[in-house]
Amino acid sequence: MYETINSPFKLGNVTLRNRIIFAPTSMGLKEEEYLEKLGAIARGGTAMIIIGDVPVLKSPFLSLYSRKGFLRYRRITETIHENGALAAAQLHMSDSQFRSLIKHLPRMITGKIKPDEMRVLLNDTVSGYITGLTDKRISEITQGFGKAAVLAKKAGFDVIQIHGDRMCGSFSSSIYNQRTDQYGGSVENRARFACEAVAAVRKALPDMTIDYKLAVRQEDPHYGNAGVLKEELPVFVPLLEQAGVNSFHVTLANHSDLSDTIPPASHPYFHGQGCFLPFCDEVSRLTDLPVCGVGRLCSPDFVEEQLKSGRIQLASMSRQLIADPEWVKKTASGAGSQIFTCTGCNRECLGGMQAHKGVHCIRDRIKTTNESLSHERKVLP
């Protein structure tokens with residue numbers, strides 16, 4: 001019934017066992033619980049899991065450059081591989097100046113600044129940071145993509161994804177990028193940073209499959225501040241292709257409310273199934289490379305239709321696979337009607353992340369409650 005979903009797909013130099021990918025997701029979980037979730041998603045049939053926000057340079061946080069960080073990433077890839085999926089590293093370079101937020105630290109610690117307010121403060125630092133970077137620093141960062149990619153491969157990653165919605169996206173954006181040199185002004189110049197990052201990975205790893213997370217900024221109504229305008233895609237897409245990408249992971253540009261890029265069912269604009277697929281349509285007109293869609297992809301009937309028609313070649317999910325890690329396995333076994341469908345409530349996933357409790361699903365609570373009730377029934381006289 002879902003033949004296209006469950007058909008293998010050649011992506012660059014790797015073969016995916018089906019067309020479903022777990023989108024990069026900040027889980028905010030302790031290591032063992034995090035690995036358990038990744039393992040469950042891989043066992044559930046997902047073809048590839050993208051690990052988000054892997055730092056390009058040395059970092060005080062977890063990175064590929066420290067022994068502890070490298071070993072943790074290796075453990076992640078081993079967990080994914082042992083459970084049957086491929087692993088992709090999303091290489092990421094922050095575009096925010098955290099040092100400028102030191103003055104807000106007391107209010108952050110006491111909780112007087114909410115996560116959404118913190119996000120606004122961080123985004124307010126982007127334009128000045130991007131515009132003020134020296135050519136030398138830019139070169140260090142773009143070359144860092146290649147160095148990090150080599151380490152990622154050693155750690156066991158099968159695919160590299162370039163995060164086009166952090167520093168790459170901010171350089172791409174006419175809102176944030178106010179430079180007047182070769183990295184600013186024209187569309188071609190604003191694409192230069194991202195293309196150099198891709199080219200550095202391609203030079204370091206000639207045979208590596210490179211995916212690019214292409215963030216599209218929308219106007220009328222306005223959503224997203226980083227990324228590429230739809231009208232600029234005819235310039236960006238060919239340049240990225242020439243730089244060496246093998247595929248595009250197309251989504252809405254970030255740097256606005258998280259509920260825009262992770263839209264609830266109640267979102268005023270992006271509330272329906274496949275809410276970001278119109279951006280995929282624009283990209284597909286400009287390239288023959290595979291395009292991966294994302295955004296409120298829940299129904300196997302809907303996903304099968306998009307894949308079978310060729311509108312997209314791959315489908316990426318996060319909340320749906322958190323809600324039901326066996327989504328793929330159930331479509332393959334004829335148990336599609338038993339899928340627990342993501343309701344788009346954002347209560348325990350996005351809400352859990354913002355509350356620093358980690359990403360979960362309301363299903364977890366329902367399941368725990370049912371198991372508890374079942375146990376109580378068994379022990380009652």
Side-chain angles (χ1 to χ4, degrees), residues 1-24 38 41-52 77 80-91 149-150 152-164 198-199 201-214 237-251 274 276-277 279-294 297 300 302-318 321 327-329 331-332:
M1 185 175 179
Y2 302 111
E3 292 181 357
T4 316
I5 288 174
N6 290 287
S7 62
F9 187 81
K10 183 79 170 175
L11 184 67
N13 288 322
V14 299
T15 299
L16 306 180
R17 58 180 173 177
N18 56 58
R19 307 293 188 93
I20 305 301
I21 294 172
F22 181 63
L38 292 179
I41 292 168
R43 285 193 304 276
T46 302
M48 183 168 72
I49 294 176
I50 304 175
I51 302 301
T77 60
I80 293 171
H81 290 154
E82 287 167 1
N83 288 284
L86 298 182
Q90 183 194 64
L91 299 186
V150 170
K153 182 180 180 182
K154 289 180 180 178
F157 286 100
D158 308 286
V159 171
I160 296 297
Q161 183 185 79
I162 305 293
H163 198 328
V198 172
V201 176
R202 179 55 67 217
K203 181 178 179 181
L205 298 172
D207 298 324
M208 176 62 74
T209 299
I210 303 175
D211 181 51
Y212 188 86
K213 181 180 177 182
L214 181 55
V237 170
L239 287 174
L240 288 167
E241 189 169 341
Q242 291 166 24
V245 303
N246 296 107
S247 58
F248 292 100
H249 184 111
V250 183
T251 187
F276 301 145
L277 293 188
F279 301 140
C280 294
D281 297 337
E282 298 296 328
V283 174
S284 294
R285 295 188 184 101
L286 303 168
T287 182
D288 292 326
L289 294 178
V291 171
C292 179
V294 66
L297 296 175
F302 180 82
V303 174
E304 175 72 14
E305 180 183 351
Q306 309 314 305
L307 293 168
K308 190 173 183 178
S309 69
R311 186 181 189 187
I312 53 177
Q313 285 70 53
L314 298 164
S316 185
M317 307 173 183
S318 174
L321 291 175
W327 190 96
V328 182
K329 184 181 288 186
T331 65

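For the single chain, residues carry numbers from 1 onward in sequence order. Just so it is clear, the structure is predicted and the values come from calculations on it, not from any experiment.
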* Partner of Leu314 under side-chain contact (heavy atoms from CB on, under 4.5 Å), chosen from Asn18, Leu16, Asp211, Val294 -> Leu16
* Test item: Leu11 and Met48 side chains (from C-beta on) under 4.5 Å apart, heavy atoms -> yes
* Where is the tightest heavy-atom contact between Ile41 and Thr46, given as atom of each residue plus distance? -> O-OG1, 3.3 Å
* To do: Decide yes or no on side chain to side chain contact (heavy atoms under 4.5 Å, CB included) for Phe22 and Ser318, but give the supporting numbers first.
  => CA-CA 6 Å; Phe22 181 63; Ser318 174; 4.1 Å; yes
* Side chain to side chain, Phe248 and Pro290, heavy atoms closer than 4.5 Å -> no
* **Set of residues satisfying side chain to side chain donor-acceptor pair (under 3.5 Å) with respect to Thr209, sequence neighbours excluded** => none
* To do: Working to the nearest 0.5 Å, report the span between CD1 of Ile5 and NZ of Lys308.
  => 11.0 Å
* Asked: With Gln313, which residues qualify under side chain to side chain donor-acceptor pair (under 3.5 Å), at least two apart?
  -> none
* **Non-neighbouring partners of Phe276 that pass ring pair (Phe, Tyr, Trp, His ring centres under 6.0 Å), sequence neighbours left out** => Phe270
* Considering non-hydrogen atoms only, spot the tightest contact between Leu86 and His81 and give its length. => CA-CD2, 4.3 Å
* To do: Check Gly45 against Val328 and note the closest heavy-atom contact, atom names and distance.
  => O-CG1, 3.6 Å
* Asked: Under 3.5 Å, side chain of Lys329 to main-chain N/O of Arg43, donor-acceptor pair present?
  -> yes
* With sequence neighbours excluded, tell me which residues meet side chain to side chain donor-acceptor pair (under 3.5 Å) with Ser284. => none
* Taking all non-hydrogen atoms of both residues into account, name the closest pair between Glu3 and Glu304 and its distance. => N-OE2, 3.6 Å
* Asked: How about Leu297 and Ile20: do any of their side-chain heavy atoms sit closer than 4.5 Å?
  -> no
* Structure fact -> Closest heavy-atom pair, Cys280 versus Cys292, reported as atoms and distance to 0.1 Å, is SG-O, 3.9 Å
* Asked: Looking at CD of Glu241 and OG of Ser247, how far apart are the two atoms once the value is rounded to the nearest 0.5 Å?
  -> 11.0 Å
* Leu289 vs Tyr212 side-chain heavy atoms within contact, under 4.5 Å -> no
* Structure fact -> CD1 (Ile21) and CD1 (Ile50) are apart, to the nearest 0.5 Å, by 5.5 Å
* Asked: Which residues pass the side-chain contact (heavy atoms from CB on, under 4.5 Å) test with Lys153, sequence neighbours left out?
  -> Leu205, Met208
* Asked: Just how far is it from atom CZ of Phe157 to atom CD1 of Ile80, taken to the nearest 0.5 Å?
  -> 6.5 Å
* Thr77 (side chain) donor-acceptor with Ala155 (main chain) under 3.5 angstrom -> yes
* Answer yes or no: is there a side-chain heavy-atom contact under 4.5 Å between Leu277 and Phe302? => yes
* Rounded to the nearest 0.5 Å, what's the gap from CG on Leu38 to CG on Leu321? Could you check? => 11.5 Å
* **Residue pairs involving residues 279-291 (criterion salt bridge (Lys or Arg N to Asp or Glu O under 4.0 Å); sequence neighbours excluded)** => Asp281-Arg311, Glu282-Arg285
* Asked: What distance separates Asn6 CG from Thr331 OG1, expressed to the nearest 0.5 Å?
  -> 4.0 Å
* **Candidate list Leu214, Val250, Val245, test side-chain contact (heavy atoms from CB on, under 4.5 Å), partner Val237, passing option** => Leu214
* **Closest approach of Arg19 to Ser7 (non-hydrogen atoms, all atoms of both residues)** => NE-OG, 3.3 Å
* Asked: Counting heavy atoms not belonging to Lys154, are there more than 12 under 6.0 Å from its NZ?
  -> no
* **Side chain proximity check, Asn246 to Arg202, heavy atoms < 4.5 angstrom** => yes
